**Student:** 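What follows is a single structure, and I will ask about it in a moment.
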2 protein chains.
Amino acid sequence: MTKIQAGKSRASGRITLAMVAQRAGVATMTASRAISQPDMVSQALRDRVQQAVDELGYVPNRAARALASSQSKVIAVLVPSLSNAVFTEVLAGIQDALDADDYQILIGNTRYSDREEEKLIATYLQSNPDGMLLSGLTHSPRVQQILAANRMPVVSMMDMSADPERLSVGFSQFQAGHAMTRYLLDKGHKRIGFIGAQLDERTLRRAEGYRKAMVDAGLADIKLEVMVGEPSTIALGAELLGRMLAQAPDCDAIFCCNDDLAHGAIYQCQRRGIAVPSQLAVCGFNDLPASAWMNPSLTTIGTPRYRIGFEAATLLRSVIKGEQPAHRQIDLGFTLMARESA
Amino acid sequence: MTKIQAGKSRASGRITLAMVAQRAGVATMTASRAISQPDMVSQALRDRVQQAVDELGYVPNRAARALASSQSKVIAVLVPSLSNAVFTEVLAGIQDALDADDYQILIGNTRYSDREEEKLIATYLQSNPDGMLLSGLTHSPRVQQILAANRMPVVSMMDMSADPERLSVGFSQFQAGHAMTRYLLDKGHKRIGFIGAQLDERTLRRAEGYRKAMVDAGLADIKLEVMVGEPSTIALGAELLGRMLAQAPDCDAIFCCNDDLAHGAIYQCQRRGIAVPSQLAVCGFNDLPASAWMNPSLTTIGTPRYRIGFEAATLLRSVIKGEQPAHRQIDLGFTLMARESA
DNA sequence: CTGAAAGCGCTTACAG
DNA sequence: CTGAAAGCGCTTACAG
């Protein structure tokens, strides 16, 4: 008979597996098996243990399980922002993909900072996660070293990696930036401006796509670029619209690196009496909910955020299970949504 | 000398405290103290242990610590939505408040479902959280019972509780709904409609505030209410604007229970050629970033989301530490933002 | 199908 | 200021 209450108790006061086992009249490890691997146990025993669990209100202690099994059942997810709807939709996809699997999801907000990312990863390592879902392709040397040293399964989200070994789920930010610029060129625009903020890697890749299209068309002009490091907001979009027009007054179209900036640019045009799109075409990136509804509706790039999260989590789970994935890179593509604003 | 490698090893392969201690030439528990309670240890020892930690790249195992100390350093946070900017700002406040304290934050999305909330709480209990931050005042009997049985410190966010014992941080949803309606009445509107969606407890409280003001003014009319259980979106706001006008064609103002619905209503007015506010006043609730920028700018209620998260987390932390809080209820108030739309 | 023993990596009393 | 022992609550081999 297991001794259940020690004298100078350090016990937590919670119901333990040992108590459940005693109540069911079995060994602790038998109770453990009845709960964790019910198939390896007789029906009668399963029922007996389950009854004891219910009567006692037993809740397994995850820390003890993690320690004994050296399997944390934790997945860490790092996103650069929680105020950006793009990433909350990614998170929704991740949660739906992992829902049934008893994974604990640790959500970290790096705030677009490498230092924050390092700190979060270092902290999450204490929880010994089974794998990580990271946003973006580029990470600080320190992060790369930590990840390599721990042989942590990692799936990168949002962009496609050039490295075929790397697990990544997303779409080509470069191609999307290129496609939107081509669309504007095909509409006859010649002085197409690019407004970029935050200057995270995705914005930079979109800008590269824009530049490639402009160079190939023989229309590149550095005056047509407004790039700032501040976070993208509607207010900033309004401000940068002004800066662009000051810098390139003959600008006939503006490609904003995301919808927030584009919304701000359009609202500012309305306040200044600039007709969109007849005087100035404006387009964005991501297709946020408001973009289809505002007046004029916004021409933008639709991106598969939810699916990125879902597929990335599914891929990570299969890798954690030791499976060899059919594809290490999953390109989910993008959709150009041609609407009224451009 | 501690035996470091057993034969049939179940070891995780990670660096352990015992290895650090051996390298530093001290006992394991001395190393533990040097790390966790550096003040209780000599400077020389502290340095020696720190050096061993650095050389070995030691990362403490959180599961082991939690198990041994029966302190998880986990705080669980439940919000009804991650796609709603209101709650992501609450989360930002929570994270900032808890940042320095080595707390692991578990973020759960209940999707406005009591069943989901029950499931998440049951799951989080496995991690033995030190406390919980819950959204809203009303919870299912099962949740209440679980929380009581575990004597879990809980702080409720978003609304003010009528129960003085209950820890809550927010503002009065009822008063805010009442204030906005009074504002419209004072502007001379008589046929003021209310559009409510999701019908979560906050929306219902706002509606009660609306009704009180209308009844007191002798202007209440059930025809002026459109209430649906679907999630609030811009698209739904556009649709419900139509339903309201069909149901109460003489309606001269509409109070939408949140900004998303109000945005949709205004966009729809623009499409139908209804002038806002001259033909129809429209106002919202929450003051999302777009509300100040759109044309017309939106009259709405500014709510202290970030501060709610920050103060709620601060309060919870003090309660976890065993402190007796000066105030169990923290009313952060709201601000009526009078703009162009109403 | 079931169980006695050992161990996961830490921290908590208790001594010295 | 430092340490030997025991224990947190589970699971992993290994037997039977």
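Just so it is clear: chains get the letters A, B, ... in the order the sequence lines come, proteins before strands, and each one is counted from 1. Bear in mind the structure is a predicted one, so any value in this text is a computation, not a measurement.
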**Student:** Could you work out which one of D:dG9, C:dT11, C:dA4 sits closest to the side chain of A:Thr16?
**Tutor:**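 Out of D:dG9, C:dT11, C:dA4, the nucleotide with an atom closest to A:Thr16's side chain is D:dG9.
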**Student:** Would you tell me if any nitrogen or oxygen in the side chain of A:Thr28 comes within less than 4.0 Å of OP1 or OP2 on C:dA4?
**Tutor:**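 It does not, given that no N or O in the side chain of A:Thr28 lies less than 4.0 Å from OP1 or OP2 of C:dA4.
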**Student:** Rounded to whole angstroms, how far apart are CG on B:Leu17 and C1' on C:dT12?
**Tutor:**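 Interatomic distance, CG of B:Leu17 to C1' of C:dT12: 14 Å.
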**Student:** Output the rounded distance in Å from CZ (A:Arg14) to P (D:dG7).
**Tutor:**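 That distance rounds to 21 Å.
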**Student:** Under 3.5 Å, sequence neighbours excluded: what are the donor-acceptor pairs made by side chains of residues 318-328 of chain B?
**Tutor:**
unit_1   : atom_1 : unit_2   : atom_2 : d
B:Ser318 : OG     : B:Leu315 : O      : 3.0
B:Arg328 : NE     : B:Glu165 : O      : 2.6
B:Arg328 : NH2    : B:Glu165 : O      : 3.0

**Student:** Do NZ/NE/NH1/NH2 and the carboxylate oxygens of B:Asp96 and A:Arg111 come within less than 4.0 Å?
**Tutor:**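 Salt bridge present between B:Asp96 and A:Arg111.
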**Student:** List in chain and number order the residues that pass salt bridge (charged side-chain N to carboxylate O under 4.0 Å, His left out) with B:Glu118, two or more places apart in sequence or in another chain; answer none if no residue qualifies.
**Tutor:**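 B:Glu118: salt bridge (charged side-chain N to carboxylate O under 4.0 Å, His left out) contacts with B:Arg142.
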**Student:** Side chains of B:Asp54 and B:Gln50: donor-acceptor distance under 3.5 Å anywhere?
**Tutor:**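 The criterion, which ignores hydrogens and geometry beyond distance, is satisfied for B:Gln50 and B:Asp54.
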**Student:** Any donor-acceptor pair under 3.5 Å linking the side-chain atoms of B:Ser72 with those of B:Asn128?
**Tutor:**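 Looking only at side-chain atoms, B:Ser72 and B:Asn128 do not form any donor-acceptor pair under 3.5 Å.
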**Student:** Spell out yes or no: do the side chain of B:Arg33 and the base of D:dG3 have one donor N/O and one acceptor N/O closer than 3.5 Å?
**Tutor:**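 Counting by modelled atom types and ignoring angles, a donor-acceptor contact under 3.5 Å is found here.
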**Student:** When you match A:Tyr58 and B:Val41 each to their closest nucleotide on DNA chain D, which lands nearer the 5' end?
**Tutor:**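 Looking at the nearest nucleotide for each, B:Val41 comes out on the 5' side.
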**Student:** Do the side chain of B:Asp101 and the main chain of B:Tyr103 share a donor and acceptor less than 3.5 angstrom apart?
**Tutor:**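 Not a single qualifying donor-acceptor pair exists.
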**Student:** How long is the line joining CZ of A:Arg65 and P of D:dC8, in whole Å?
**Tutor:**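 Checked: the CZ to P distance equals 19 Å.
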**Student:** Rounded to the nearest 0.5 Å, how far does OG of B:Ser168 lie from CD1 of B:Ile330?
**Tutor:**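 Those atoms lie 8.5 Å apart.
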**Student:** Which nucleotide, in any strand shown, forms a Watson-Crick or G-U wobble pair with D:dA15, with both distances under 3.5 Å?
**Tutor:**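 Pairing partner, where one exists within any strand: C:dT2.
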**Student:** Can you sort out which residues in residues 66-75 of chain B have a heavy atom within less than 4.0 Å of DNA chain D? Ascending by number, please.
**Tutor:**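 Per residue number, the list reads B:Leu67, B:Ala68.
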**Student:** Starting from P on C:dT12, measure out to CD1 on B:Ile35 and report it in whole angstrom.
**Tutor:**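 After rounding, the reported distance stands at 14 Å.
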**Student:** Expressed as a whole number of angstroms, how long is the span from A:Asn61:CG to C:dG9:C1'?
**Tutor:**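 So the CG-C1' distance, A:Asn61 to C:dG9, works out to 14 Å.
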**Student:** Please report, rounded to the nearest Å, how far the C1' atom of D:dC8 is from the CZ atom of A:Arg62.
**Tutor:**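 A:Arg62 atom CZ is separated from D:dC8 atom C1' by 18 Å.
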**Student:** Compare the minimum distances between each of C:dT2, C:dG3, D:dT2 and the side chain of B:Leu45, then state the nucleotide with the smallest one.
**Tutor:**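 The answer is D:dT2.
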**Student:** Choose from C:dG9, C:dA5, D:dA5 the nucleotide whose nearest atom is closest to any side-chain atom of A:Met29.
**Tutor:**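 My answer, after comparing the listed nucleotides, is C:dA5.
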**Student:** Measure from CZ on A:Arg46 to P on C:dC1 and round the result to the nearest Å.
**Tutor:**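 One finds 9 Å between P of C:dC1 and CZ of A:Arg46, rounded.
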**Student:** Which is more 5' along DNA chain C, the nucleotide nearest A:Arg48 or the one nearest B:Ala63? Just name the residue.
**Tutor:**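 Upstream on the strand: A:Arg48.
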**Student:** OP1 or OP2 of D:dC10 sitting under 4.0 Å from any side-chain N/O of A:Ser32?
**Tutor:**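 Result: no.
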**Student:** Using a 4.0 Å heavy-atom cut-off, does A:Ala27 contact any base of the nucleic acid, only the sugar-phosphate backbone, or nothing at all?
**Tutor:**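 The answer is sugar-phosphate, as A:Ala27 gets under 4.0 Å only of primed atoms, P, OP1 or OP2.
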**Student:** If you find the nucleotide of DNA chain D closest to A:Gln37 and the one closest to A:Gly13, which residue's nucleotide is nearer the 5' end?
**Tutor:**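 Nearest-nucleotide comparison on DNA chain D picks A:Gly13.
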**Student:** Between A:Gln22 (CD) and C:dT2 (C1'), how many Å, whole number?
**Tutor:**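 It works out to 18 Å between those atoms.
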**Student:** Between B:Asp39 and B:Arg33, does at least one N-O distance fall below 4.0 Å, as a salt bridge requires?
**Tutor:**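 Judged by the 4.0 Å cut-off on N to carboxylate O distance, B:Asp39 and B:Arg33 do not form a salt bridge.
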